[in-house]
Structure formats: structure tokens, C-alpha cells
Protein chains: 2
Amino acid sequence: MGVRKARAAETQTALKEAARRLFVERGYLNTKITDITAAADRATGSFYEHFASKQDLLEALLTDMRGDASEAMAEHPREHDLTDRTQLRAHLDVAWHTIRVNLPVVVALHESDMTDSDRSDKVWLRLVEETEVLRHHLEYLREQGHDLPGDPTLVAAAMGGMLSTLAYALLRSGNPAYPDDQVVDTLTALLRNGLSGAGKAQP
Amino acid sequence: MGVRKARAAETQTALKEAARRLFVERGYLNTKITDITAAADRATGSFYEHFASKQDLLEALLTDMRGDASEAMAEHPREHDLTDRTQLRAHLDVAWHTIRVNLPVVVALHESDMTDSDRSDKVWLRLVEETEVLRHHLEYLREQGHDLPGDPTLVAAAMGGMLSTLAYALLRSGNPAYPDDQVVDTLTALLRNGLSGAGKAQP
DNA sequence: GTCTATACTGGGATAGAC
DNA sequence: GTCTATCCCAGTATAGAC
């Protein structure tokens, strides 16, 4: 790779990193392209050499994220018993930390879908898509003869909505009101035993 | 009230109603002031005779909503046992239908808070505020010696987040993927018994 | 109070020198 | 590839006639 190309790559990286930082700090919609270039110490015009628009930049970040995620998730078997406290907690823990690490993208997508005009069901579709793995686990449980609280897609969406809203609300402030562990513990207890059985010892 | 004033009130109402409709259909951020006046069959300039800005109009809608809500909630006792299936379901049912009825405002606030620059914790604050009643019930349960899944504020926020995200995602499309009853039933089962105890008969 | 017409502004996007 | 300067538009908000 030549010096010229290296410099270009450097700029692209700088833009991405500036964007990630700003998306968390002030949100996707509030972040203007000029904010990004300024934060990356580049001129406004340079932005368009690398991305066609802010949406396009987000797409790129999303691609980066998927790259990481597909390694981590590699071959995730659906034969997991979410009624088992340990397994449920492990899942929630991974989910929570995945969101935390990818917070810029999560935030941006959240806000971006929201302003997508011609698809008022975009948010629902995204929610269903994001909770696909969860749904598979639930369907597996159902096949095992376990009675679910309801339709797997709906239950998965409900759980996912709880998780993402909480993360969005909690993680964006510099020092969250609750540490990660406590959140994951609480969600585990709530989702496993509900409100009625939370106090009981785990088998 | 004179004819003149009556006509003015009529316009104001028309603007509000147009706004409510559009906020659900295309979202708050996507709805431009000119869209509202057009939908209400009024001239652009007329808008400012009644509201200083779109934000101001939202404030007005919020005030209207609070008026209705305070009647309904009047004196809601905190001595409710949310571990009781019937009581839990009743609460979720009221919450769900309240959101449904006030969907325009719920959607608008959601999007508006999101773009509020200087307060990145706005969403968290709103969530805590909205789930206050729920929190009181949980604190009551705790006082009764019941073991909660976690800190009442956090649990309440988690439940509220689940509810509002689901409502936002589901209710905005013309024909939701699930009927209200099914959603409320599912949430009731999930929140009461969690994933592990859902199949058991209610005591 | 409501209208039409217009001024103003933020910010996305491009042109052209370097 | 990056820069500076500029164009351009959507949307907000105002002016002034009716």
C-alpha cells in the first residue's frame, strides 16, 4: 500500500472513529457531517471522497460490526435451554456487552430507522430481525414441550425491546446509574422467574 | 364565545388533530409544519398564530393528554400485588391501551427526546418518570417481604421499556401483527412467571 | 385570524485549485 | 486526496394585504 493510499485509509478511519464517538455523545440525528469532519480534523469536502452520505457511513459501520459479530456468533446452536438460569444469564450477558461495544451503531440505527419515512413498520421489522437467534431458542424450547408465555416471535421481540431500550437509555450517559452486572442479574431474574418467582432459589 | 373566536378555536383543533394523525403515520421528526397546515387545510402562516413551533404544539398535546390521564389515574393506590396474575394483567392492559390511545404523543415524545442534544440521559429520565407508578407497586411488594428481581427503579424501567418499545414498533403499522389481547396476555405471562414458569397453572 | 409571498438559515453537497 | 469556497434546497419563520 502506497503512502497516498495509506493517508486515505487513515482519513477514512479517522472519520469513522469520530462518527462513532459523536453518535454516542450526541446521537446520530444530532451529529452533522461537518461535526464529524471537524472532530476528525478534516475538511468538509473530504468526507464525500469516502462516503456518499451520513447514511452511507452508517452502512459502513454496520458492515464492520457484522464482521465482528459473525466471528463471535460463528455457529451458535439453537439447542440452548433459556429456562436454565446459567444459560439465560450467559445469553443476556453476551447480548448486553455486544450492545455496549457496538453502541454507536446501535444508537444510530435506532434513530435512523425511526426517521425512515415510507416504512412505518421498519422498527418492528428491525426488532424481529435482531431477535432472530433468541426466537430460535424459544422455538426449540417449544418443540421440547415447554409452554412459552406466547408466540416465539412476540416473546423474543418483547425481550429484545426491553434489552435495547434499557441499553439505549442507560449506556449513553457517561456514568450509568447501574453497573453492567447488576443490570444483567436483574434481567435474568425477571425474565426467568418473572415477578412471582424471583425470590426462589435456583434449582 | 364570538364567531371569530370560534373559528380560531376550530383552526387550533384542526391543527392538533392533523398533527396527531401525521405523527403516527410518518413520525414526529418527519412531519413538517407545512405538512400539518396542509393536512388541516390551513395556510402555513396560520400555524404560528397558535403555536410558536412544532415543539410547542407537542407541549400542548402533552397537556391535553395529562388532563385525561389524571382523571383516569385519579387516586391509584400503591397497594397492588403485581404477583397476582389478574392484577398484573389489569395493569398491563390499562398501560397498553393508554399508550394506544395516546400514540401520537408517545411517538412524538419518543422521537423528540431522542434529538434533544444537550441531555444524553433524557431518555433514561423519561423512562424512570413514566414508570413511576409501577415502581411504587414494586416498592410496596418489597415492603411486604417479597423478593424482587432487582432494584425497583431498574425493574420498573425494564418493564416500561419492554412495553413502550413493543407498542411503538407494533401499533404504528395500520394492521399490527398481533391483536391487543394477545400482546397483553403474552406480556402478563412473561412478566409474572418468566420463561421458566409460564406453563404452570395460576394459583 | 387567515392568507400569500418572501426572507432567512442550517446543513448537505459540489467545483475546482492545490 | 484534501482543501476552500460556494451553491442549493428544504423548512422555518415573518411581513403585510385582506
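Computation of the quantities below employed the complete heavy-atom set of this structure, encompassing side-chain atoms and omitting hydrogens, waters and symmetry-equivalent molecules. A, B, ... follow the sequence lines: proteins, then strands. Residue 1 opens every chain.
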Engineer: Can you tell me which nucleotide in dT2(D), dG12(C), dG1(C) comes closest to the side chain of Arg7(A)?
Structural biologist: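 Nucleotide nearest to Arg7(A)'s side chain: dT2(D).
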
Engineer: I'd like to know if Arg142(A) and Asp147(A) make a salt bridge, using a cut-off of under 4.0 Å between side-chain N and carboxylate O.
Structural biologist: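 Here Arg142(A) does not pair with Asp147(A) in a salt bridge, since their nearest N and O are not under 4.0 Å apart.
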
Engineer: If you check every side-chain atom of Ala43(B), which of dC3(C), dG11(D), dT4(D) has the closest atom?
Structural biologist: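 For the Ala43(B) side chain, the nearest candidate turns out to be dC3(C).
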
Engineer: I want to verify a distance call: between dC3(C), dG11(D), dC3(D), whose nearest atom is closest to the Arg42(B) side chain?
Structural biologist: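 That would be dC3(C).
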
Engineer: Please state how far atom CZ in Phe51(A) lies from atom P in dT14(C), giving the value in whole angstrom units.
Structural biologist: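 The answer, rounded to whole Å, is 16 Å.
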
Engineer: Does the ring of Phe23(A) carry Arg21(A) above it, NZ/CZ under 6.0 angstrom from centre and within 45° of its axis?
Structural biologist: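 Output no; distance or angle outside limits.
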
Engineer: When you measure from the side chain of Tyr48(A), which nucleotide among dT2(D), dG12(C), dT4(C) comes out closest?
Structural biologist: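 Of the candidates, dG12(C) comes closest.
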
Engineer: Can a side-chain donor-acceptor contact be found between Gln87(B) and His80(B) if the only test is distance below 3.5 angstrom?
Structural biologist: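 No, because no side-chain N or O of His80(B) sits under 3.5 Å from a partner of the opposite role on Gln87(B).
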
Engineer: Without decimals, in angstroms, what is the distance between Glu49(A) CD and dT4(D) P?
Structural biologist: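 From Glu49(A) CD to dT4(D) P: 15 Å.
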
Engineer: Atom NE2 of His50(B) and atom P of dT2(C): how far apart are they, to the nearest Å?
Structural biologist: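 Taking atom P of dT2(C) as the reference, NE2 of His50(B) is at 4 Å.
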
Engineer: Select one nucleotide: of dG12(C), dG1(D), dT12(D), the one nearest the side-chain heavy atoms of Thr34(B).
Structural biologist: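 Of dG12(C), dG1(D), dT12(D), dT12(D) is nearest to the side chain of Thr34(B).
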
Engineer: Test Asp35(A) against every option in Arg26(A), Arg42(A), Lys54(A) by the salt bridge (Lys or Arg N to Asp or Glu O under 4.0 Å) rule and name the one that passes.
Structural biologist: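 Result for salt bridge (Lys or Arg N to Asp or Glu O under 4.0 Å) with Asp35(A): Arg26(A).
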
Engineer: Between dA13(D) atom C1' and Gln55(B) atom CD, what is the distance in whole Å?
Structural biologist: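 Going from Gln55(B) (CD) to dA13(D) (C1'), I get 16 Å.
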
Engineer: Let me know the distance between CD of Glu10(A) and P of dG1(D), rounded to the nearest Å.
Structural biologist: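 After rounding, the reported distance stands at 13 Å.
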
Engineer: Please tell me if Ser46(B) has a side-chain N or O lying less than 4.0 Å from either OP1 or OP2 of dC3(C).
Structural biologist: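 For dC3(C), OP1/OP2 do have a side-chain N/O of Ser46(B) under 4.0 Å.
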
Engineer: Check the distance between dA10(D)'s P and Ile33(B)'s CD1 and give it to me in whole angstrom.
Structural biologist: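 After rounding, the reported distance stands at 17 Å.
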
Engineer: Please state how far atom CD1 in Ile36(B) lies from atom P in dG11(D), giving the value in whole angstrom units.
Structural biologist: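 Atom CD1 in Ile36(B) sits about 13 Å away from atom P in dG11(D).
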
Engineer: Can a side-chain donor-acceptor contact be found between His137(A) and His91(A) if the only test is distance below 3.5 angstrom?
Structural biologist: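 On atom types as modelled, these side chains qualify, holding a pair under 3.5 Å.
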
Engineer: Specify the separation, in whole Å, of atom CG of Leu15(B) and atom C1' of dC3(C).
Structural biologist: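 Between C1' of dC3(C) and CG of Leu15(B): 14 Å.
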
Engineer: Reckon Thr11(A) has a side-chain N or O less than 4.0 Å from the OP1 or OP2 of dT2(D)?
Structural biologist: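 For Thr11(A), the contact criterion (side-chain N or O under 4.0 Å from OP1 or OP2 of dT2(D)) is met.
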
